[in-house]
Amino acid sequence: MERAAPVDAAGEAGHFPAAMAYDPKAIEARWQRHWLENETFRCQVDPSKPKYYVLDMFPYPSGQGLHVGHPKGYICTDAIARFKRMRGFNVLHPMGWDAFGLPAEQHAVETGTHPRITTRRNIETYRRQLQALGLSYDWSREVDTTDPKYLRWTQWIFSKLHERGLAYEAEVAVNWCPALGTVLANEEVIDGKSERGDHPVVRVPMKQWMLRITDYAERLLTDLELVDWPERIKRMQEDWIGRSEGARVHFGLPEHAGETIEVFTTRPDTLFGATYMVLAPEHPLVASLTTDEERAAVDAYVAETGRKSERLRMAEGDDKTGVFTGAYAVNPVNSERIPVWIADYVLASYGTGAIMAVPGHDERDWAFARKFELPIVEVVSGGNVSQAAYPADGTAVNSGLLDGLPTAEAKQRINDWLEEQGKGEATINYKLRDWLFSRQRYWGEPFPVLHLEDGTVKLVPDDELPVTLPELDDWTPSGEFETPLSRVPTWLETRDRETGQKAWRDPNTMPNWAGSCWYYLRFCDPGNDEAAWAPEAERYWMPVDLYVGGAEHAVLHLLYSRFWHKVLYDCGLVSTKEPFQKLLNPGMILGFAYRYYDDNLSDDPKAEARSYPSSAVRIEGETAIATPTGEEVKARWVQLDEVRFGEDGTPLHPTIEDLPLEEVTEKMSKSRGNVVSPDDVIAEFGADALRLYELFMGPLEKGAPWSTEGIPGCFRFLQRAYRLVVDEDSAGEPAQELASGAGTEAQARLTARTIAGVTEDMERIQPNTAISKLMIWAREINREAEAPREGVASFLRMLSPFAPHLAEELWRRLGEESDLALQPWPEPDASLLVEDTITLAVQVNGKRRDEVQVPADADEEAVKAAALAAENVARHVGDQTPKKVIVVPGRLVNIVL
RNA sequence: GCCCAGGUGGCGGAAUUGGUAGACGCGCUAGACUCAGAAUCUAGUGGGGGCAACCUCGUGCUGGUUCGACUCCAGUCCUGGGCACCA
């Protein structure tokens, strides 16, 4: 075959540059260009091949760019993708951008730069950084959630949800931050203040879009059985969904005919012990039940709780507060009149927002009853309710028809009774709440709906999608409760094409989870303008075989996208029940940060601050106190590259004399000054060394602090690999002399063993041990004889998932002309894996004393004899007769005296 | 408080099902090459003892099961993560 003309630097030059020291910069640039220009990793549906879909959680491209911690997962999935490709799989390995979101919008407010500009710029940076790592993405499939061609289909999926009654508008309490002019998520509110800026947050009712994820609670829970995910992630989802079995019970209100209080309880068997009831202060019946005598106290209590955030209420812990409403309810099982209280230990958001209090068998009710001197009755034997609540199972007592029944049976019996009497029923309750789906922000997907003049809400027809954002040049929040879009009448006001009515667009936008809920589906068919994806593409590629991303998305992204996926499944639009078959969470790479303290609490740049090392500072609660003076001080961080190191390696402040710094391990962040950029590491050691090091550091799922010391080791290994093929000393020589064929028997065996081992490690996603086997191969292969060409070729194939640039370069130096990345993975010669003689350890009483060489096929008697004959064994056995001799084939012999 | 994950050399980490603890790499020590350094190569490197052969202790801690335990069981301490009045 004629020499193919690869479009790359080497091809143009006609020959490779003069041989010299390993120079990653030139090699990496050459092959990155080659892969991009030839679209080496472009893939398409091919039913003749098995598929493998390996996906990274796509990033939000922030203005900071990547640090070395981010690509850990990407590098691992890339190695897997490259491995699977060589193993004959048709691999889908795409990348895209989750680009809507608050940071770009905040940046816009501060600088006046349109979020689209910032986003585009950040994407450019991220793409450049990822490409510099040599990741084998099919870049033709790149998606951007802010692209109108993408968000059109996000809106289309919202329409599907709406059509099925799963999207609705409701008035709910939200965290409104007047200073920031926006609603905040619960996670963004800490102790009643905003996380950013420490501004007060109030809970106000606002009309919001909600998604009925609770309809899918049961399936979201049970289908976790179908996926291969880390147990702790499954557990977190289970806890979040929070299924509990119990009963709903209706308590009558004699003074309010027709009204009842409904409670949820997991212990209907304790109904006879319910001696009072408690409503959440927000409960709708509070106002009507409260008697005139109690009204002032109740109103004051309701107002007081309204001011507290849920978090603060919880923080108060065991000290129970509450007030009596003056009303009484009737216990349906024994017709006793019991008082109705309100208390903030009952949460409006869980169950029915009301409870029957059984102080004998619930710790919270017990504490409350004690404080307010309410009666405590024992209805389950086993404890001593005058000392403490007894929440465990036991035998029902003082409970009429339930007396003598064990807890499980009592529950069953009372449930049947409640249903017969029409006073309640067995039910299942979930902690999961419907998903608050709107945000009062600009940089998100507009809702594809019209609010018509007649008060109805109507979906924008599919053929009019997308509804794009209007151009704005001012994103500053101004009025109360006003969204940026509500200030754009030209965009907001429109007309319904069908009825001619005046119509208004929705001024809210979707949260940034929307785009990430389905991007894995778009990757199957990203260029499709007719549909969100073609059914053939979806059926071929789905599900995602391996999904890798941070555990911080355990409940949010992963639960939301599973929900959407199930809705799409019900619509017949996807063929799998679950989107992500196997999930792995990369551990976080941390960075060393260097800390001291000073007394410049106000951050005044002109102030003369007094500085203290950490050893002179003690932490009291949240505040740091300088021990010598007793005054408050503030932590300061020294940039990583400014730290000086003393003679003994002590980190020191760059300018202040004799100020030792404290070394702590922290998440990499700008404020801690401990960010390491991949750009810098690549500039010094190359992308291959960085990739190798991040994989070699340890298992994917384990986090560790970034240490610069380890990279040279990986660089040295690559250099050794380079020298196997390239003669560094004789400039101009294209390649080392290599022995032809597989080499000596020992070399052939080493190669076979390495192939078998590396293959197995990769199947188990353990690149760290695979790399160590390659290191051993490279060290041993030419110890006694010239490296054999066939062995080197196999080695390069195996090296290519980890260090793809160097492997590809050396492959060409061997005279090969096709892409190494598309070569088949080597197969070990099975006959070489079987050793003729094996070494067995010999133990005496379980302690290793010697070892013996025996033929691999030696029978047990021969092995025993050899073991007993071993010199050091004979010494320990002496003239004793072994009680027992245990032979573990291929492993060891244990002689028991 | 509850749930989950994890504790192995100076450091990152290996150790298929209970079967030679510490692979591989870093660091360190010595040597080779060099005028010298860098780079590279070679050897050594868990603690203690011994000239050595070897002996002994050793996988957070305390027990247990077993011929044999980093691995299994019970208890306990520490670290990290999640949840936190969920009726």
Side-chain angles (χ1 to χ4, degrees), chain A residues 21 230-236 238-240 242-244 246 263-267 270 278 310-311 313-320 343-347 349-358 361-365 367-368 391 429-432 551-552 554-555 585 587-588 665 692-693 696-699 701-714 716-717 719-720 723 728 760-761 764 766 768-776 779 783 839-851 871-872 875 882-897:
Chain A
E231 278 308 315
R232 85 204 146 90
I233 301 287
K234 287 194 189 183
R235 187 66 62 96
M236 278 196 237
E238 285 165 12
D239 290 349
W240 192 264
R243 180 186 200 272
S244 54
V263 303
F264 171 74
T265 176
T266 54
R267 293 296 301 275
T270 62
V278 187
E310 268 189 42
R311 229 168 240 270
R313 281 162 62 172
M314 289 169 188
E316 286 173 352
D318 293 334
D319 188 26
K320 301 271 181 294
D344 66 5
Y345 83 91
V346 172
L347 306 176
S349 51
Y350 183 75
T352 61
I355 61 156
M356 62 175 205
V358 185
H361 305 282
D362 180 285
E363 280 157 17
R364 297 152 299 181
D365 297 343
F368 191 83
N429 191 60
Y430 299 92
K431 221 158 78 179
L432 184 70
E552 65 272 21
V555 284
N585 307 117
M588 200 179 307
T665 309
L692 208 59
Y693 177 61
F696 189 60
M697 273 175 80
E701 306 216 48
K702 189 157 176 173
W706 177 264
S707 108
T708 322
E709 278 104 57
I711 307 170
C714 291
R716 271 199 283 275
F717 163 65
Q719 221 164 9
R720 188 192 282 272
R723 279 196 311 266
E728 282 188 316
E760 198 182 317
D761 288 346
R764 292 164 56 190
Q766 287 183 8
N768 51 332
T769 51
I771 290 167
S772 102
K773 290 179 174 77
L774 291 175
M775 286 172 164
I776 294 169
R779 193 186 60 196
R783 193 177 280 277
T839 306
L840 298 182
V842 186
Q843 299 179 334
V844 179
N845 286 336
K847 285 188 177 170
R848 185 185 175 281
R849 295 301 180 187
D850 210 333
E851 58 183 40
E871 192 189 334
N872 204 34
R875 256 193 32 211
K883 281 201 196 100
K884 199 171 3 168
V885 178
I886 293 155
V887 176
V888 183
R891 289 280 182 182
L892 55 70
V893 182
N894 188 12
I895 296 158
V896 186
L897 296 178

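Per chain, numbering begins at 1; letters A, B, ... match sequence-line order.
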S.K.: Under the side-chain contact (heavy atoms from CB on, under 4.5 Å) rule, collect the residues that match up with P889(A), sequence neighbours excluded.
M.R.: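 side-chain contact (heavy atoms from CB on, under 4.5 Å) check on P889(A) returns nothing, list empty.
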S.K.: Which residues pass the ring pair (Phe, Tyr, Trp, His ring centres under 6.0 Å) test with F696(A), not counting sequence neighbours?
M.R.: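 Residues passing ring pair (Phe, Tyr, Trp, His ring centres under 6.0 Å) with F696(A): none at all.
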S.K.: Which is true for E363(A) with a 4.0 Å heavy-atom rule: it touches a base, it touches only sugar-phosphate, or it touches nothing?
M.R.: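 Touches nothing.
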S.K.: Among C26(B), U20(B), G19(B), find the nucleotide with the atom closest to the side chain of V888(A).
M.R.: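 Of C26(B), U20(B), G19(B), G19(B) is nearest to the side chain of V888(A).
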S.K.: Is Q843(A) near enough to C67(B) that one of its side-chain N or O atoms lies under 4.0 angstrom from OP1 or OP2?
M.R.: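 It does not, given that no N or O in the side chain of Q843(A) lies less than 4.0 Å from OP1 or OP2 of C67(B).
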S.K.: Using the test side-chain hydrogen bond (donor to acceptor under 3.5 Å, both in side chains), find all partners of R720(A) that sit at least two apart in sequence or belong to another chain.
M.R.: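 Listed in chain order: nothing, the list is empty.
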S.K.: Quiz question: going by heavy-atom distance under 3.5 Å, is there a donor-acceptor pair between the base of U16(B) and the side chain of E760(A)?
M.R.: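 Donor-acceptor pair under 3.5 Å: yes.
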S.K.: Which of the following nucleotides, G68(B), G82(B), C41(B), is nearest to the side chain of R716(A)?
M.R.: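 From the listed options, C41(B) comes nearest.
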S.K.: What closest approach, in Å, do G351(A) and F264(A) show between heavy atoms, and which atom pair accounts for it?
M.R.: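 What the structure gives for the nearest pair is CA-CB, 4.5 Å.
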S.K.: Got a donor-acceptor pair under 3.5 Å from the side chain of K883(A) to the base of C67(B)?
M.R.: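 Such a pair does not exist between side chain and base.
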S.K.: Output yes when at least one side-chain N/O atom of S707(A) is less than 4.0 Å from OP1 or OP2 of C26(B), else no.
M.R.: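 Result: no.
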S.K.: So which protein nitrogen or oxygen atoms get under 3.5 Å of nucleotides 55-57 of chain B's nitrogens or oxygens?
M.R.:
from: C55(B); atom 1: OP1; to: R849(A); atom 2: NH1; distance (Å): 2.9
from: C55(B); atom 1: OP1; to: N872(A); atom 2: ND2; distance (Å): 3.4
from: C55(B); atom 1: OP1; to: H876(A); atom 2: NE2; distance (Å): 3.2
from: U56(B); atom 1: OP2; to: R849(A); atom 2: NH1; distance (Å): 2.8

S.K.: Using the test side-chain hydrogen bond (donor to acceptor under 3.5 Å, both in side chains), find all partners of S244(A) that sit at least two apart in sequence or belong to another chain.
M.R.: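 side-chain hydrogen bond (donor to acceptor under 3.5 Å, both in side chains) check on S244(A) returns Y350(A).
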S.K.: Taking any strand in view, what nucleotide pairs with C83(B) in a Watson-Crick or G-U wobble way, both distances under 3.5 Å?
M.R.: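 Pairing partner, where one exists within any strand: G1(B).
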S.K.: Using a 4.0 Å heavy-atom cut-off, write out nucleotides 4-13 of chain B from 5' to 3' as B (base contacted by protein), S (sugar-phosphate only) or - (no contact).
M.R.: S-------BS
S.K.: Please name the pair of heavy atoms, one in M356(A) and one in V263(A), separated by the smallest distance, quoted to 0.1 Å.
M.R.: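 That closest heavy-atom pairing would be N-CG1, 3.6 Å.
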